[in-house]
Protein chains: 4
Amino acid sequence: MSPQIRVAVAGASGYAGGEVLRLLLGHPDVEVGALTGGSNAGQPLGALQPHLVPLADRVLEPTDAEVLAGHDVVVLGLPHGQSAALAEQLGDETVVIDCGADFRLTDAAAWERFYGGDHAGSWPYGLPELPGQRERLRGARRVAVPGCYPTVSTLTLAPAVAAGLVEPDLVVVAASGTSGAGKAAKPHLLGSEVMGNASAYGVGGVHRHTPEITQNLAGLGGDTPRVSFTPLLVPMSRGILATCSAPLRPGVDAAQAREAYLTAYADEPFVHVLPEGQWPQTQAVLGSNAVHVQVTVDEDAGRLVAVGVVDNLAKGTGGAAVQCLNLALGLDETAGLTTVGLAP
Amino acid sequence: MSPQIRVAVAGASGYAGGEVLRLLLGHPDVEVGALTGGSNAGQPLGALQPHLVPLADRVLEPTDAEVLAGHDVVVLGLPHGQSAALAEQLGDETVVIDCGADFRLTDAAAWERFYGGDHAGSWPYGLPELPGQRERLRGARRVAVPGCYPTVSTLTLAPAVAAGLVEPDLVVVAASGTSGAGKAAKPHLLGSEVMGNASAYGVGGVHRHTPEITQNLAGLGGDTPRVSFTPLLVPMSRGILATCSAPLRPGVDAAQAREAYLTAYADEPFVHVLPEGQWPQTQAVLGSNAVHVQVTVDEDAGRLVAVGVVDNLAKGTGGAAVQCLNLALGLDETAGLTTVGLAP
Amino acid sequence: MSPQIRVAVAGASGYAGGEVLRLLLGHPDVEVGALTGGSNAGQPLGALQPHLVPLADRVLEPTDAEVLAGHDVVVLGLPHGQSAALAEQLGDETVVIDCGADFRLTDAAAWERFYGGDHAGSWPYGLPELPGQRERLRGARRVAVPGCYPTVSTLTLAPAVAAGLVEPDLVVVAASGTSGAGKAAKPHLLGSEVMGNASAYGVGGVHRHTPEITQNLAGLGGDTPRVSFTPLLVPMSRGILATCSAPLRPGVDAAQAREAYLTAYADEPFVHVLPEGQWPQTQAVLGSNAVHVQVTVDEDAGRLVAVGVVDNLAKGTGGAAVQCLNLALGLDETAGLTTVGLAP
Amino acid sequence: MSPQIRVAVAGASGYAGGEVLRLLLGHPDVEVGALTGGSNAGQPLGALQPHLVPLADRVLEPTDAEVLAGHDVVVLGLPHGQSAALAEQLGDETVVIDCGADFRLTDAAAWERFYGGDHAGSWPYGLPELPGQRERLRGARRVAVPGCYPTVSTLTLAPAVAAGLVEPDLVVVAASGTSGAGKAAKPHLLGSEVMGNASAYGVGGVHRHTPEITQNLAGLGGDTPRVSFTPLLVPMSRGILATCSAPLRPGVDAAQAREAYLTAYADEPFVHVLPEGQWPQTQAVLGSNAVHVQVTVDEDAGRLVAVGVVDNLAKGTGGAAVQCLNLALGLDETAGLTTVGLAP
């Protein structure tokens, strides 16, 4: 047996950090190293993440470069804006995988408009299913894990856009569970507020994930797409279901659309085009790194309609981090990611 | 005090019938008459609808014209296709309000395509907020209560369409609670299947509510709209949130859009355009006849985006039935419909 | 028409205050007066309680005696410990109804043990269904509204205790929705934490509602009961289901138990003993002031088992406040409380 | 690598069968053999269990002995009463693990009283954590997997009963998710009925799991216990939280209780006594084979109170089946059961 890869997780008490740890506990080649927290430093992980039984007695250390140094990999699950300073202090001998937004956008103007403050730069973008992207991630020392909405929106639309089946006027309405909003306590995220409730937010193109979706789809060639993105909050902890549509280019039919999706994802280990007539549901991918997609055309409306689902914490965050870790370190891309969804 | 209006409810053990009864119990001018059921005939209502305490000891009678005759009003909460035969046997002295789909569509071809079988005809359509429709409902002896999705989709888009703010290429993605699917037991509607789960169904323009939405919006003038409608099932009992968008006509801005909505609904007792920046949530309208809407424009995407919510059982079915009953009988339109939403 | 009673609500942005307002909007004899808030003062109510449409434009004033003075009734929905000081400044011409815990316990030692700090005293206890209590509440100028758990636990056990059917060793396990914990944002109450999750808390007799339940049942005569109380948090916004049991006294059978419950609640407008074989569910009482109870005996185990449900915000808080307001002011006890539960 | 063990699953489209398959897909020593269904025979598994991606194209065969013959292990996930006839046709060369109730009870009278019909007999009971039971399961050719409620109730009470800390008057109130009721469509299990709802059922000792709990605890020695068992349905798919209590024997204190639990479960791989002050929550064990328990004493009430949680489908059914399979075949008891809970 080869020596285990030592992985530290910064922000281990949050949802992203917890999910990375849940997956790493099932990873055959990894040993969990330092765990750090902000205000939770000093507490045992078991009090904060009671599901992570084998790590229950591990005590959180403060999030600083000294604690994180000396690991093969450091995964950052920090609030947006905190990754850049920390990453700078970790040498190139450490692979750094950032679950935050700091290094996702290549366009500084888009960063400043949607996040404010200075743009820290960009790192290889951790969506291996984009054309050419898997190769860029192999051996990478820095990876920017995509946002959860961009992951599912991009993968649900990419085959149609890349194959030129649609006009680049894209509409995405994505219903998300609440864990995407993180573990910081805010009144509108209380159980009493979200149970029995569906709501829209960030309407009109103002959500921070909009430019990331646009960037991904623009990279597929053709005219720069215009993306109308509306996120919804629905009463579940995990999962995103993205309903995506666009005007059909002349002559495109359902068979052609289906073929484009089947071809695009034929060799992808995690993206599954469902059998004809079967539509995605989030429950089927809970806890797994899977993406389920389906596509059809609405001839009356003249639109292609595609639906995709991911677990926002798994393939949408922690699973993507592990997938990128595998690519960066030359491991089997699916190592630690073979469990299937938890249903019902 | 004038004599009470006697109202019979056919299908009293279902969700539509139960909601009509819940509202009628709070109606100042109404007395509940015969209650009928199909396979549940002979059972006390309390075993089937335990929330309807004052009616707990009432025993369901079989659904037939003899039982329903002699009431001022009969409300039908029956499976699609059963209303026509029954209504024929009820004379014009009885107001018949049908919560089913049988008499909603004016276009026989659309009926046959989406429902199959012969078209029974059409009755005055019970959406008083459509231009001119309130007048048609006053004194009507027959009313077709709109579908739940069409109600919220129509009211969320109507001001934009009527004012010519958008191109008639409309996209509606509507997230619904499960009660819209009724009380018949089907495996995919089990709690275990729907909790923690979001799913899409009827994708690609095949849902039966699509032609009804189109019919409503076509009636506002302008080019016949093309409607891309995608229904979603999300983990809650009640409520629909409809996210609607369309390409902006040149020069239209957010202020103009907002003004169109404020003007359209200025005098409507049940439709509320929320204050700027506040987006609708279904919890705020639970159990009430209210509709909450908000609108904005996304200049980057070149689209108007509007969001609306209703309680599918209240304004989406039973509340609409009572509102139409009030109009048909010349009562105050809001009688029995003054309770506000139940939140949290 | 007699002049309307003017009611001010302190803490109008919280769950208790919001529920009182929801009910007062349907009360025929009441006019809503001043609305106050703590950190939310200055905001329009519509931004905080979007379901209370008719009050959307009302702006919250600061919670102080000056603002609250001059009303017929002041309802306090404040954090525990804040009512006493405020109530002192409101003269006896104002009826004060406190939804907090400050004046519920008569035993200063119990107060100090479970709440800490000085005992403010006790006010007439707002559970009219207790023997003799309705009379004490008629014309009262001060009322302490019971806790939500004590309301349902007391009403579910009282007939058995009062009739001497059981040994005074009572076991209560009560599953509650999350709104009982209030609207203050705490991580363990986030939707992501409570959905798909059931948990126990305050186990071993340490929950503050324990002495209140004991006090209520002790007042029924017989030996002072010993109460084992365990609260559970389950994934719903509203509702408490209390499962209560105690050792049967020799010779007591199911018929005798049922008779005791039927007799005890025969004239109560809000407490309903369900038909034999039908067990309570919280959905049936959502938003209503109803209590549903059922009782049986388990001969093998030698125990009486009773189950009761309430809506913790309605009969468990805001509904009780309105019921007590009615009694205090000599109105019909059910005024404003006639709506039935919202189901499904 | 040794040859894989071939496992057939009868009832693969149900919740028990699906969970067994989910776990077997992660089992290092197992290969999935025949999959059978009742009315679903002929359908691809992907249409019925979309989360089981690697098995999506496998078609269900009819449930009969011919199809199941020739496997090393057959796991039965069938409706109660169907296992006996089928098992008889499978020779002793096949290990049969029954997730149904047919062979759980040793007392024929109890079987007839609670299930009706003839008692089929009893098989080694698949709860290895009971004293001496692990040894009985090693090499067994037939195993009766425990019921979900009995698993958590037994494990939560056993240390207290075995150590004689309590009088044998046990009270169990267990709140369960809906998947325990199976996938057969019944109106009261519809999502619309269970969301936002908590209910009690089988009250008064009539639930079929009562004699199974009693049997387990009677086996620990001491007086035959009397068990008052009340199951609750709460709005979640998976998980059971059991609140258990009993009168303390004189002189027993909290430290002694805690010590008994720590000692009892010191070497158990799946049962975890939480750190002092931390109470179990079902979310922490979702999808895992873990049991979390905590215990305290309530001196005022004179009772020991213990709380335990399991995932009813995992350790409560499918995980127990795999654990027993491991013991029966001489594998590592934890093989295929190492994943931790899915939270949040």
Side-chain angles (χ1 to χ4, degrees), chain B residues 11 13-19 37-40 43 47-51 148 175-201 232-240 282-283 286-287 311-314 316-318 341-344, chain D residues 11 13-19 37-40 43 47-51 148 175-201 232-240 282-283 286-287 311-314 316-318 341-344:
Chain B
S13 63
Y15 289 151
E19 184 71 355
S39 57
N40 293 314
Q43 291 196 56
L48 302 160
Q49 308 270 27
H51 61 303
C148 50
S176 174
T178 55
S179 60
K183 208 173 180 172
K186 295 171 191 164
H188 75 284
L189 296 173
L190 283 173
S192 305
E193 301 290 315
V194 298
M195 289 187 285
N197 200 6
S199 58
Y201 68 104
L232 314 178
L233 207 61
V234 298
M236 55 194 197
S237 286
R238 287 176 177 242
I240 302 180
T282 58
Q283 207 187 48
L286 290 187
D311 180 329
N312 56 301
L313 290 182
T317 307
L342 186 70
Chain D
S13 63
Y15 289 150
E19 184 71 354
S39 56
N40 292 314
Q43 290 196 57
L48 301 160
Q49 308 270 27
H51 60 304
C148 50
S176 175
T178 54
S179 60
K183 208 172 179 172
K186 295 171 192 165
H188 76 284
L189 296 173
L190 284 173
S192 305
E193 300 291 315
V194 298
M195 290 186 285
N197 200 8
S199 58
Y201 68 105
L232 314 178
L233 207 60
V234 298
M236 55 195 197
S237 286
R238 287 175 178 244
I240 302 180
T282 59
Q283 206 188 46
L286 290 188
D311 180 330
N312 56 302
L313 289 182
T317 306
L342 185 70

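Residue numbering restarts at 1 for every chain, and letters A, B, ... go by the order of the sequence lines.
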Legend entry - chain D contact via B/Ala184 - which portion, at a heavy-atom distance below 4.5 Å: backbone
Pairwise distance [atom1]([X]) to [atom2]([Y]) - rounded to 0.5 angstrom:
X: D/Leu48; Y: B/His188; atom1: CG; atom2: NE2; result: 13.5 Å
X: B/Met195; Y: D/Met195; atom1: CE; atom2: CE; result: 7.0 Å
X: B/Thr178; Y: D/Glu193; atom1: OG1; atom2: CD; result: 9.0 Å

Legend entry - 4.5 Å side-chain heavy-atom contact, D/Lys183 and B/Ser192: no
Inset, instruction - Return the minimal non-hydrogen interatomic distance between D/Ser237 and B/Gly191, and the atom names on each side. - result: OG-O, 4.0 Å
Inset, instruction - Please report the closest heavy-atom contact between D/Pro187 and B/Ala185, naming both atoms and the distance. - result: N-CB, 3.7 Å
